[in-house]
Protein chains: 2
Amino acid sequence: MRLSTKGRYAVTAMLDLALNGTDGPVTLADISENQGISLSYLEQLFAALRSKGLVRGVRGPGGGYYLGRESDEISIADIICAVDEWVEFTRCKGKQNCHDGQRCLTHSLWDDLSQQIFIFLTDITLDDLVQRGAEREEERRKKRAAATQVLGLKEQAA
Amino acid sequence: MRLSTKGRYAVTAMLDLALNGTDGPVTLADISENQGISLSYLEQLFAALRSKGLVRGVRGPGGGYYLGRESDEISIADIICAVDEWVEFTRCKGKQNCHDGQRCLTHSLWDDLSQQIFIFLTDITLDDLVQRGAEREEERRKKRAAATQVLGLKEQAA
DNA sequence: TTTTGTCCTACTAAATTACTCAGTAATTGC
DNA sequence: GCAATTACTGAGTAATTTAGTAGGACAAAA
């Protein structure tokens with residue numbers, strides 16, 4: 001899993017959509033101004049988001065973008081995966097030579113870590129972030145505790 | 001926390017050092033050949049590692065690099081921080097405009113995630129990887145469980 | 001004193017990131 | 001129908017990062 005600023009831009013934009021898309025679609029021009037991201041870069045990001053069904057575009061005057069699904073059914077991992085392509089490159093089979101086994105050690109380390117991050121981000125939805133913004137701190141703590149508990153349980157079971 | 005291939009290279013090289021540095025120093029030329037990393041790039045990485053005291057260089061014939069500390073006192077996070085500079089860029093105060101609070105939401109999300117990753121990688125040492133390579137699978141599972149348990153406990157306490 | 005290696009600086013190539021420009025397509029209001 | 005608005009598309013470009021080259025200077029062993 002890659003954690004780039006590109007993914008952050010996408011999450012920020014999607015959050016903007018979740019917050020402001022309640023009454024009518026939101027234009028990229030608005031998001032561009034709100035978040036300080038260039039319009040054309042947003043267009044590229046939203047092309048990727050659209051192809052994954054995370055957003056729905058409406059053309060013409062008064063148009064803009066809606067979320068493709070409910071905000072509590074869009075995880076942060078969904079968004080990042082959509083824009084970051086995610087061809088996980090650490091697979092030993094094939095390109096890399098893992099003859100002496102050392103490289104495989106770091107590979108498995110990275111795979112493990114990547115999976116941990118993925119699980120973490122899969123358990124956080126756009127809606128969770130919205131709730132967080134609405135000063136519902138208690139709710140937030142519960143959600144976060146539940147998310148990280150999954151991490152713990154997953155490994156303790158092994 | 002950044003997870004780049006640069007950091008992976010560094011971890012791989014350090015693991016090579018931990019495995020082959022038991023009898024005498026290891027030359028960068030050896031690591032270069034073993035791991036398929038260019039010599040000059042390794043020199044850059046090791047300059048950073050050396051400045052942080054993670055390795056110790058010995059000049060002249062028969063020279064090379066030793067680990068700067070015992071392998072069980074060097075965490076993966078140490079290595080990545082050394083080469084990746086880590087100027088965490090998500091701090092709201094200052095450069096970015098967080099006027100409407102939306103950006104702050106993603107900032108705190110990223111900060112949280114970054115911290116989770118950091119904790120995860122801090123609890124894994126070079127020695128853990130070496131043990132793992134020695135087919136001590138049971139040991140590995142115990143270590144991993146302990147490491148991830150920290151993640152769980154940290155949040156459950158909140 | 002020659003060889004082997006670290007150490008140091010600058011430069012270059014490739015990839016990625018972020019952005020620009022110039023359009024086309026669909027929808028609305030006049 | 002026509003103009004305005006907005007999503008879409010693709011080519012191109014600047015800035016940054018990553019990775020690798022080149023050419024040394026210094027230190028120590030042979």
Side-chain angles (χ1 to χ4, degrees), chain A residues 2-13 17 20-21 24-33 35-68 80 82-87 89 95-96, chain B residues 1-13 17 20-21 24-68 80 82-87 89 95-96:
Chain A
R2 300 185 49 198
L3 295 177
S4 63
T5 53
K6 194 175 177 182
R8 274 235 307 281
Y9 276 140
V11 172
T12 304
L17 213 58
N20 301 324
V26 181
T27 68
L28 290 189
D30 286 344
I31 299 178
S32 173
E33 192 173 356
Q35 308 299 336
I37 311 170
S38 92
L39 178 61
S40 296
Y41 195 42
L42 277 176
E43 286 175 344
Q44 286 179 27
L45 296 179
F46 273 69
L49 293 172
R50 203 179 75 90
S51 74
K52 296 293 193 305
L54 296 179
V55 295
R56 186 164 48 88
V58 178
R59 296 188 180 190
Y65 281 96
Y66 288 105
L67 290 180
I80 294 178
V83 299
D84 260 343
E85 291 303 333
W86 177 305
V87 263
F89 38 151
K95 37 195 170 184
Q96 290 289 1
Chain B
M1 182 128 203
R2 299 186 49 195
L3 294 176
S4 62
T5 54
K6 195 176 179 183
R8 274 238 305 281
Y9 276 141
V11 172
T12 305
L17 213 58
N20 300 325
V26 181
T27 69
L28 290 188
D30 285 345
I31 298 179
S32 172
E33 193 173 356
N34 283 346
Q35 308 298 338
I37 310 171
S38 91
L39 179 60
S40 296
Y41 195 42
L42 278 176
E43 285 177 345
Q44 288 179 29
L45 296 179
F46 272 70
L49 293 172
R50 203 179 75 89
S51 74
K52 295 294 193 304
L54 295 179
V55 296
R56 186 164 47 88
V58 178
R59 295 188 179 189
Y65 280 96
Y66 288 104
L67 290 181
I80 294 178
V83 298
D84 259 342
E85 292 302 334
W86 179 302
V87 263
F89 38 149
K95 39 197 169 184
Q96 290 289 1

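Sequence lines set the chain letters: A, B, ... in the order given, protein chains first and strands last, and positions in each chain run from 1.
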Taken to the nearest whole Å, CG/A/Leu28 to P/D/dT9 is 12 Å

Grab the two heavy atoms, one from A/Val83 and one from A/Ala10, that are nearest each other, plus how far apart they are. CG1-CB, 3.8 Å

Which nucleotide sits closest to the side chain of B/Pro61: D/dA19, D/dT9, D/dA29? D/dA29

Value rounded to 0.5 Å, distance of CG in B/Leu45 from CG in B/Leu54: 12.0 Å

Please find the pair of heavy atoms, one from B/Ala82 and one from B/Leu49, that lie closest to each other, and give the distance. CB-CD2, 3.9 Å

State the CD-CG distance between B/Gln35 and B/Asp30, to the nearest 0.5 angstrom. 10.5 Å

B/Phe46 has an atom CZ; how far is it from atom P of D/dA19, in whole Å? 15 Å

Between A/Arg50 and D/dC8, does any side-chain N or O lie under 4.0 Å from OP1 or OP2? yes

Please list, pair by pair, any protein nitrogen or oxygen found under 3.5 Å from a nitrogen or oxygen in nucleotides 20-23 of chain D.
unit_1, atom_1, unit_2, atom_2, d
D/dG20, O6, B/Gln44, NE2, 2.6

Tell me the closest heavy-atom pair linking B/Ser32 and B/Leu39, and the distance in Å. OG-N, 3.6 Å

The first and last nucleotides of DNA chain C lying within contact of chain A, meaning any atom under 4.0 Å from one of its heavy atoms, run from C/dT16 to C/dT28

Can you tell me how far apart CG (B/Leu17) and OG1 (B/Thr27) are? Round to the nearest 0.5 Å. 10.0 Å

Between A/Tyr65 and A/Phe46, what is the ring plane arrangement, given parallel below 30°, perpendicular above 60°, and tilted in between? tilted

Taking all non-hydrogen atoms of both residues into account, name the closest pair between B/Leu42 and B/Leu28 and its distance. CD1-O, 3.6 Å

Whole-Å distance separating the NZ atom of A/Lys6 from the P atom of D/dT17: 16 Å

